A.B. asks: 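Quick one: structure below, then a few questions.
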Amino acid sequence: MPRNLSGRSFLKLLDFSTEEIQYLLDLSKQFKNLKLSGTPHRYLEGKNIVLLFEKTSTRTRCSFEVAGHDLGMGVTYLDPGSSQMGHKESIADTARVLGRMYDGIEYRGFDQKIVEELAAYAGVPVWNGLTTEFHPTQMLADVLTAYEYFGYYKGLKWVFMGDARNNVANSLMVVCAKLGINFVACGPKDRMPDDELVKTCRKLAEENHCTITLTDDVKKGTKDANVIYTDIWVSMGEPKELWAERIQLLSPYQVNKDVMANADKDAIFLHCLPSFHDLKTTVGKQIYDEFGLPEMEVTDEVFESRQSKVFDEAENRMHTIKAVMYATLK
Ligand code: CP
Ligand code: NVA
């Protein structure tokens with residue numbers, strides 16, 4: 001059933017009902033069909049959006065740009081360092097200025113409270129393109145990818161391996177609790193999601209007939225899983241000095257062929273990307289030189305396997321971000 005999200009910001013999934021998230025997923029499928037059939041959909045012609053990035057990006061930036069252009073909008077990109085925000089102008093003032101010029105604002109950066117403050121002052125929809133705490137647009141792409149593969153998502157067992165305290169793990173736990181997906185955080189005890197968030201998600205999970213499990217046991221955690229998911233071990237904004245500690249702490253939670261063999265035989269592997277699965281990146285090489293690790297959160301074997309759907313997932317970022325912009329700006 002169509003939902004009216006017009007004028008709303010998209011800051012975190014906790015702000016959206018199960019039905020509203022389902023609506024955004026349905027809309028994403030429709031936009032994907034339009035794109036793949038070559039049907040023009042310039043439904044937001046004449047509108048303009050601005051993309052504020054305080055951290056780097058490939059997928060999120062390109063998704064907002066292409067989706068914006070496909071919808072007929074003008075798009076301005078402000079890279080980390082090329083706006084006055086934070087250095088010379090407060091968040092509230094920036095929001096009020098941009099809100100006078102643009103119909104929507106995307107923000108990628110640091111604390112969740114920054115994106116919340118932007119939204120409080122902008123007077124136009126603000127979309128969270130990743131903060132330290134959450135990465136909500138990523139989740140729509142992840143669930144859409146699983147849905148395309150399995151034909152359903154409710155009741156799946158979805159395991160996040162590794163740094164279960166980061167933005168992607170937090171958001172994954174929320175989306176699973178909202179959509180009736182059984183979520184497992186599989187990692188060391190001191191990299192588990194925040195207690196308050198776990199409590200909130202467990203309550204949601206009860207309402208939606210699914211479970212939230214936290215475990216440091218890889219065998220039990222990944223047994224018969226339908227989706228195995230991971231992310232990098234040190235996130236953007238964290239100091240590089242953390243690598244040594246994280247490698248030691250998270251190496252037992254690497255996604256490798258044993259993990260995939262312990263999961264359901266039809267399990268898929270997902271990763272928000274970028275990923276350190278080989279030595280073809282500068283950081284990957286530095287880690288190898290310093291710690292002797294040729295691959296990190298996922299082995300190259302799993303990343304390149306038939307079970308890996310990471311590039312379908314990356315493509316789906318664009319279709320889902322388009323749905324979010326359309327739903328909130330139409
Ligand atoms: N997954 C994701 O957000 O990728 P980027 O950092 O490239 O935007
Ligand atoms: N946890 C990662 C996600 C990147 C898309 C980070 O914040 O760097």
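Being a predicted model, the structure only gives us computed values, none of them experimental. One-based numbering, in listed order, for ligands and for the atoms of each.
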A.B. asks: Looking only at distances, can you tell me whether any N or O atom of C272, backbone or side chain, sits closer than 3.5 Å to an N or O atom of ligand 1?
C.D. replies: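 Yes, there is a polar N/O contact under 3.5 Å.
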
A.B. asks: Keeping the roles fixed (side chain from K265, backbone from D224), state whether a donor-acceptor pair exists under 3.5 Å.
C.D. replies: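 Side chain of K265 to backbone of D224, a donor-acceptor pair under 3.5 Å: no, none is there.
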
A.B. asks: Can a cation-pi geometry be assigned to R61 and F53, taking NZ or CZ under 6.0 Å from the six-membered ring centre and within 45° of the ring axis?
C.D. replies: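 Not flagged: R61 not positioned over aromatic ring of F53.
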
A.B. asks: Among protein heavy atoms, which lies nearest atom 6 (O) of ligand 1, and at what distance?
C.D. replies: R108 NH1, 2.8 Å

A.B. asks: Looking at F110, is K55 sitting on its ring face, NZ or CZ under 6.0 Å from the six-membered ring centre and within 45 degrees of the normal?
C.D. replies: yes

A.B. asks: Report, in ascending order of atom number, the atoms of ligand 1 lying under 4.0 Å from any heavy atom of H135.
C.D. replies: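 Near H135, the atoms of ligand 1 are 2 (C), 3 (O).
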
A.B. asks: Please determine whether salt bridge (Lys or Arg N to Asp or Glu O under 4.0 Å) holds for the pair D312 and K309, giving the CA-CA distance in whole Å, both sets of side-chain angles, and the decisive distance to 0.1 Å.
C.D. replies: CA-CA 5 Å; D312 294 336; K309 305 294 170 201; 5.3 Å; no

A.B. asks: Looking at F64, does the NZ or CZ of R59 lie under 6.0 angstrom from its six-membered ring centre and within 45 degrees of the ring axis?
C.D. replies: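 Because its charged atom misses either the 6.0 Å distance or the 45° angle limit, R59 does not stack over F64.
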
A.B. asks: Could you tell me the residue and atom name of the protein heavy atom closest to atom 2 (C) of ligand 1, and the distance to it rounded to 0.1 Å?
C.D. replies: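 Here the closest protein heavy atom is R317 NH1, 3.2 Å.
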
A.B. asks: Determine whether the side chains of E315 and H319 contain a donor N or O and an acceptor N or O closer than 3.5 Å.
C.D. replies: yes

A.B. asks: Hey, is NZ on K113 packed in by over 12 heavy atoms from elsewhere, all under 6.0 Å?
C.D. replies: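 Open.
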
A.B. asks: Who's the nearest protein heavy-atom neighbour of atom 7 (O) of ligand 1, and how far?
C.D. replies: T58 N, 2.7 Å

A.B. asks: Would you please test M173 and L197 for side chain to side chain contact (heavy atoms under 4.5 Å, CB included) and show each step?
C.D. replies: CA-CA 9 Å; M173 181 168 70; L197 187 63; 3.7 Å; yes

A.B. asks: Below 3.5 angstrom, do we get any N/O pair linking N167 and ligand 2?
C.D. replies: yes

A.B. asks: With a 4.0 Å cut-off on heavy atoms, is L273 touching ligand 1?
C.D. replies: yes

A.B. asks: Check whether any heavy atom of L273 sits under 4.0 Å from an atom of ligand 2.
C.D. replies: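 The answer is yes: ligand 2 sits under 4.0 Å from a heavy atom of L273.
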
A.B. asks: I need the nearest protein heavy-atom contact for atom 4 (O) of ligand 1: residue, atom name and distance, please.
C.D. replies: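 For atom 4 (O) of ligand 1, the nearest protein heavy atom comes out as R59 NE, 2.8 Å.
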
A.B. asks: At less than 4.0 angstrom from any non-hydrogen atom of M236, what atoms of ligand 2 do you find?
C.D. replies: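 Checking each atom against M236, I get 6 (C), 7 (O), 8 (O).
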
A.B. asks: Would K55 count as a contact of ligand 1 if the rule is a heavy atom under 4.0 Å away?
C.D. replies: no

A.B. asks: Considering distance alone, does some N or O of R108 sit under 3.5 Å from an N or O of ligand 2?
C.D. replies: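 N/O-N/O distance below 3.5 Å does not exist for this pair.
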
A.B. asks: Do ligand 2 and L130 have nitrogen or oxygen atoms that lie under 3.5 Å from each other?
C.D. replies: no

A.B. asks: Going by atom types only, do N128 and Y107 share a side-chain donor-acceptor pair under 3.5 Å?
C.D. replies: no

